[in-house]
Number of protein chains: 2
Amino acid sequence: MRAIRNPRRPTQRARPNLKDVAQLAGVSTATASRALNLPARLDPETLTRVREAIRKLRYVPHGAARTLRSQRSRMIGAVVPSFDYALYARTTSALQAALDSEGYALVLAAQHYDLDTEVRVTRQLLEHGVEAMAFVGLDHDPELFVLLGEFDCPYVLTWGVDGSGAHPSIGFDNRAATYAMTSHLVGLGHRRFGLITAPFDGNDRARDRSAGVRAALAAHGLALGEGCLRQGPISLAAGSEAMRDLLSLDDRPTAVIATNDVFAVGAMIACREAGLRIPEDMSITGVDNTDLGATQTPGLTSIRTPIIEVGRAAAHHLVQRLEGQAFEFSQLLPFELVLRGSTSPPSP
Amino acid sequence: MRAIRNPRRPTQRARPNLKDVAQLAGVSTATASRALNLPARLDPETLTRVREAIRKLRYVPHGAARTLRSQRSRMIGAVVPSFDYALYARTTSALQAALDSEGYALVLAAQHYDLDTEVRVTRQLLEHGVEAMAFVGLDHDPELFVLLGEFDCPYVLTWGVDGSGAHPSIGFDNRAATYAMTSHLVGLGHRRFGLITAPFDGNDRARDRSAGVRAALAAHGLALGEGCLRQGPISLAAGSEAMRDLLSLDDRPTAVIATNDVFAVGAMIACREAGLRIPEDMSITGVDNTDLGATQTPGLTSIRTPIIEVGRAAAHHLVQRLEGQAFEFSQLLPFELVLRGSTSPPSP
DNA sequence: CTGTTAGCGCCTTCAC
DNA sequence: GTGAAGGCGCTAACAG
């Protein structure tokens with residue numbers, strides 16, 4: 001294709017500013033400014049004149065100048081672990097939609113499951129002037145909260161509820177979710193379990209979901225066997241590899257619990273490749289109830305976590321705080337087991 | 001949970017600014033500023049002193065002030081059709097990662113398949129000071145380009161290549177992709193086809209992909225039968241519904257081409273529910289080669305579109321332009337047919 | 001209801 | 001190599 005030489009912006013044609021608008025409308029810049037921010041306090045006739053001028057000049061306010069002067073950017077930041085696999089996409093989408101309807105823009109960044117990166121990108125977002133922040137999960141570098149404190153920046157943690165009460169949070173009980181799922185499998189007659197999870201470090205969802213499995217097993221006098229805990233980065237391939245490891249065990253599990261649907265589907269693939277039938281030879285469960293899992297054959301038993309509601313509630317929470325309204329410090333939303341064909345009693 | 005009353009920011013503890021840094025370091029604000037922007041021009045010893053002060057005060061530059069003064073925000077905007085179904089997630093992810101490594105932040109918005117909304121959110125992004133923009137697709141409101149022109153804002157279109165040469169673009173040939181897929185199916189012996197696509201209005205991908213199907217059929221002396229074109233919003237449910245409609249036709253298709261994997265998987269679900277075997281009773285194909293399709297049973301035949309490469313290249317394109325470097329006006333990237341179990345010759 | 005005025009925090013000429 | 005000073009575009013006091 002053709003290469004373009006690039007004499008960057010030789011003629012910086014000036015955008016019209018408020019002064020231009022004011023001049024054209026025959027008012028002061030203060031009045032023009034009020035037409036934008038406090039239209040109710042203007043004489044309807046002057047308001048019309050200013051608006052006409054704005055339209056004529058195709059004036060668009062200068063956000064940076066506004067932010068500098070008013071200390072309000074109408075930008076809200078969010079940091080998600082990753083954009084991949086759509087795990088966080090629905091929360092992000094709901095967050096963006098809700099903020100948009102309140103007139104706020106969402107500035108998004110990823111931390112790639114690394115808490116240092118999280119601090120770094122948060123600093124960037126604060127530098128860019130975001131007024132509030134949303135994070136995924138409860139595990140964060142202490143430095144993050146110092147930074148947020150210095151900026152006096154309201155924030156909310158999501159996808160979990162902070163038991164300590166130190167941080168505002170909106171989420172669900174990850175531990176209870178897998179506890180319920182594990183109990184269900186025990187009820188079906190399973191006694192030997194495999195667990196596939198992401199590394200715990202900096203990932204409270206993985207840790208709490210794994211703890212839920214262990215707790216439920218313990219409550220029934222069971223425990224995870226030797227070699228039955230597999231960890232890896234969240235991907236289909238890692239899920240498959242973990243399942244292959246589990247299948248090679250002497251006393252292999254009859255049920256495998258994955259801490260998310262991606263691992264679970266990866267595990268399903270490995271079972272298919274090994275010629276095992278699901279659920280007769282192996283029960284498999286996920287968490288998050290994604291389309292990826294729901295559309296498998298058989299459908300993946302999973303847990304519907306309220307991730308859309310979390311996004312919406314987070315937006316509401318932050319906007320309420322920014323506008324000086326009362327708000328809920330933390331919200332615990334319900335989850336729900338979704339039973340599909342990937343689970344059954346173990347073969348005799 | 002507990003409700004919090006919210007006396008918004010009674011004590012606005014002032015963040016340290018450059019003057020504070022300069023004072024502590026015993027230099028002028030100009031020198032402190034240079035320590036940030038032109039460290040090479042400073043005496044190494046003064047540079048150290050200023051940096052020490054920055055560290056001590058935990059100084060973070062004020063982005064809005066910087067932007068206002070320098071006309072550079074180091075923010076780049078992107079508008080995607082939707083966050084759902086992860087169709088655009090990998091492009092977005094690649095874009096964000098590449099921009100991040102160049103020191104730019106990504107500001108993201110969704111247009112929900114509506115070109116008026118696209119203009120609206122773009123205006124917001126420009127107002128917030130983004131220096132460049134990326135869009136998905138070739139179809140846009142003319143007003144969008146007027147706006148970008150007024151702001152002298154570099155932009156690039158993605159997921160397609162603009163044949164007219166009017167706009168910089170990075171993408172692939174959507175028409176050729178489905179042309180190749182359709183030819184493959186004709187080669188397998190199929191003669192009656194169904195087509196499931198998104199509405200064409202404002203969606204060039206849907207239109208071009210559909211055109212590719214028609215063109216390939218025409219090249220073989222075939223055509224889409226009556227009632228064999230089904231359109232709907234992109235969702236699994238719409239794909240299923242479209243397939244049910246196709247199945248109810250008198251002379252029903254033996255192969256169904258969907259313009260994306262989401263529709264295709266929806267169609268697979270409908271076939272399963274109707275008791276049809278894939279591929280014996282029905283061949284189905286998608287586009288985009290998502291995990292959703294790849295993990296179905298049987299795996300979905302699809303087209304690997306270079307969407308990650310597109311995100312990376314778009315980031316590179318925009319950064320090159322912003323930094324005054326030469327750049328490619330447009331880039332055509334290759335696609336690739338991925339044959340899996342969802343396609344076969346029709347049953348006799 | 002409207003105008004005047006004084007910066008918000010920073011960068012960037014222009015001197016030295 | 002460094003300092004002094006002006007102003008980017010806008011809003012919030014304060015007058016009137």
Side-chain angles (χ1 to χ4, degrees), chain A residues 9 12-51 53-54 57-75 126-129 131 150-152, chain B residues 9 12-51 53-54 57-75 126-129 131 150-152:
Chain A
R9 308 197 191 200
Q12 180 77 274
R13 179 178 60 280
R15 265 165 70 183
N17 60 22
L18 246 202
K19 204 160 80 183
D20 300 327
V21 172
Q23 246 156 29
L24 182 58
V27 298
S28 71
T29 58
T31 300
S33 171
R34 284 192 275 262
L36 257 40
N37 303 304
L38 305 158
R41 289 205 203 157
L42 283 194
D43 184 295
E45 203 251 322
T46 23
L47 180 57
T48 318
R49 266 207 339 277
V50 177
R51 288 203 166 141
I54 287 174
L57 294 173
R58 299 179 55 86
Y59 167 75
V60 179
H62 193 295
R66 251 181 161 170
T67 299
L68 178 59
R69 182 59 236 232
S70 66
Q71 310 289 2
R72 303 240 22 204
S73 66
R74 299 198 79 82
M75 295 193 295
L126 289 169
E127 188 171 331
H128 282 305
E131 296 182 47
E150 285 173 354
F151 276 77
D152 197 15
Chain B
R9 311 199 190 198
Q12 180 78 271
R13 178 177 60 277
R15 270 165 64 182
N17 60 23
L18 246 202
K19 204 160 79 183
D20 300 327
V21 171
Q23 246 157 28
L24 182 59
V27 297
S28 71
T29 58
T31 299
S33 171
R34 285 185 194 108
L36 257 42
N37 303 303
L38 304 159
R41 288 204 202 159
L42 282 195
D43 184 295
E45 204 252 320
T46 25
L47 181 56
T48 319
R49 265 205 342 277
V50 176
R51 288 204 167 142
I54 287 175
L57 294 173
R58 299 179 55 85
Y59 168 76
V60 178
H62 193 295
R66 238 175 174 178
T67 299
L68 177 60
R69 181 58 233 230
S70 67
Q71 309 291 0
R72 304 239 25 203
S73 67
R74 298 197 81 81
M75 295 193 294
L126 290 168
E127 188 172 333
H128 282 305
E131 296 183 48
E150 284 172 355
F151 276 77
D152 198 14

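Note that the structure is predicted; figures quoted are calculated from it, not measured. Lettering of chains follows the sequences in order, A, B, ..., and the numbering in each one begins at 1. Scope of the values below: all heavy atoms of this structure, side chains included, with no hydrogens, waters or symmetry mates.
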In sequence, state the C-alpha distance, the side-chain angles, and the governing distance for B:Ile54 and B:Leu36, and then conclude on side chain to side chain contact (heavy atoms under 4.5 Å, CB included). CA-CA 10 Å; B:Ile54 287 175; B:Leu36 257 42; 3.4 Å; yes
Please list, chain by chain and in numerical order, all residues satisfying side chain to side chain donor-acceptor pair (under 3.5 Å) with A:Ser33, sequence neighbours excluded.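 Scan of A:Ser33 (side chain to side chain donor-acceptor pair (under 3.5 Å), adjacent residues dropped) gives A:Asn37.
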Which pair of heavy atoms, one from [X] and one from [Y], lies closest together, and at what distance?
X	Y	answer
A:Ala35	A:Arg51	O-NH2, 4.4 Å
A:Leu68	B:Ala65	CD1-CB, 3.7 Å
B:His128	B:Met75	O-CE, 3.0 Å

Heavy-atom contact window of chain A on DNA chain D, given 5' to 3' at under 4.0 Å: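 Range of nucleotides within reach of chain A: D:dG9 to D:dA13.
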With rounding to the nearest 0.5 Å, note down the distance linking CZ in B:Arg41 to OG1 in B:Thr46.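 Nearest 0.5 Å value for the CZ-OG1 distance: 14.0 Å.
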Does anything in residues 33-43 of chain A come within less than 4.0 Å of DNA chain D? Heavy atoms only, and list the residues if so.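 Those residues are A:Ser33, A:Arg34, A:Asn37.
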I would like to know whether B:Arg66 and A:Glu127 meet side chain to side chain contact (heavy atoms under 4.5 Å, CB included); could you show each step before the answer? CA-CA 10 Å; B:Arg66 238 175 174 178; A:Glu127 188 171 331; 3.3 Å; yes
Side-chain donor or acceptor of A:Arg15 paired with backbone N/O of A:Val60 under 3.5 Å: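 The answer is yes, because a donor-acceptor pair under 3.5 Å joins these two groups.
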If we ignore hydrogens and angles and just use 3.5 Å, is the side chain of A:Thr67 paired with the main-chain N or O of B:Ala64 as donor and acceptor?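 Checked: no pair found.
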Let me check the geometry of the helix from C:dC1-D:dG16 to C:dC16-D:dG1. What is the bend angle between the axes at its two ends, five pairs each, to 10°?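 Inter-axis angle at the ends, rounded: 30°.
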Quick check on DNA chain C: between A:Ala30 and A:Pro44, whose nearest nucleotide comes earlier from the 5' end?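 Here A:Pro44 is the residue nearer the 5' end.
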Could you tell me from which nucleotide to which nucleotide of DNA chain C, 5' to 3', there is an atom under 4.0 Å from chain B heavy atoms?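 Nucleotide range with atoms under 4.0 Å of chain B: C:dG9 to C:dT13.
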Electrostatic pair B:Arg72-B:Glu131, nearest N-O below 4.0 angstrom: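 Yes, B:Arg72 and B:Glu131 are salt-bridged.
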Over all strands shown, is A:Thr46 touching base, sugar-phosphate only, or nothing at heavy-atom distances under 4.0 angstrom?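 Sugar-phosphate contact only.
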Decide side chain to side chain contact (heavy atoms under 4.5 Å, CB included) for A:Asn17 and A:His62; before the verdict, give the C-alpha distance in whole Å, the side-chain angles of both, and the deciding distance to 0.1 Å. CA-CA 8 Å; A:Asn17 60 22; A:His62 193 295; over 6 Å; no
With a 6.0 Å cut-off (strictly less than), is the heavy-atom count around CZ of A:Arg58, excluding the residue itself, greater than 12?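 Yes, enclosed.
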Just list the side-chain donor-acceptor pairs under 3.5 Å for residues 22-30 of chain A, sequence neighbours left out, or say none.
{"residue": "A:Ser28", "atom": "OG", "partner": "A:Ala30", "partner atom": "N", "Å": "3.4"}
{"residue": "A:Ser28", "atom": "OG", "partner": "A:Thr31", "partner atom": "N", "Å": "3.3"}
{"residue": "A:Ser28", "atom": "OG", "partner": "A:Thr31", "partner atom": "OG1", "Å": "3.3"}

Closest-nucleotide mapping onto DNA chain D: is B:Leu68 or B:Ser28 further toward the 5' terminus? I mean the 5' end.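 Looking at DNA chain D, the more 5' nearest nucleotide goes with B:Ser28.
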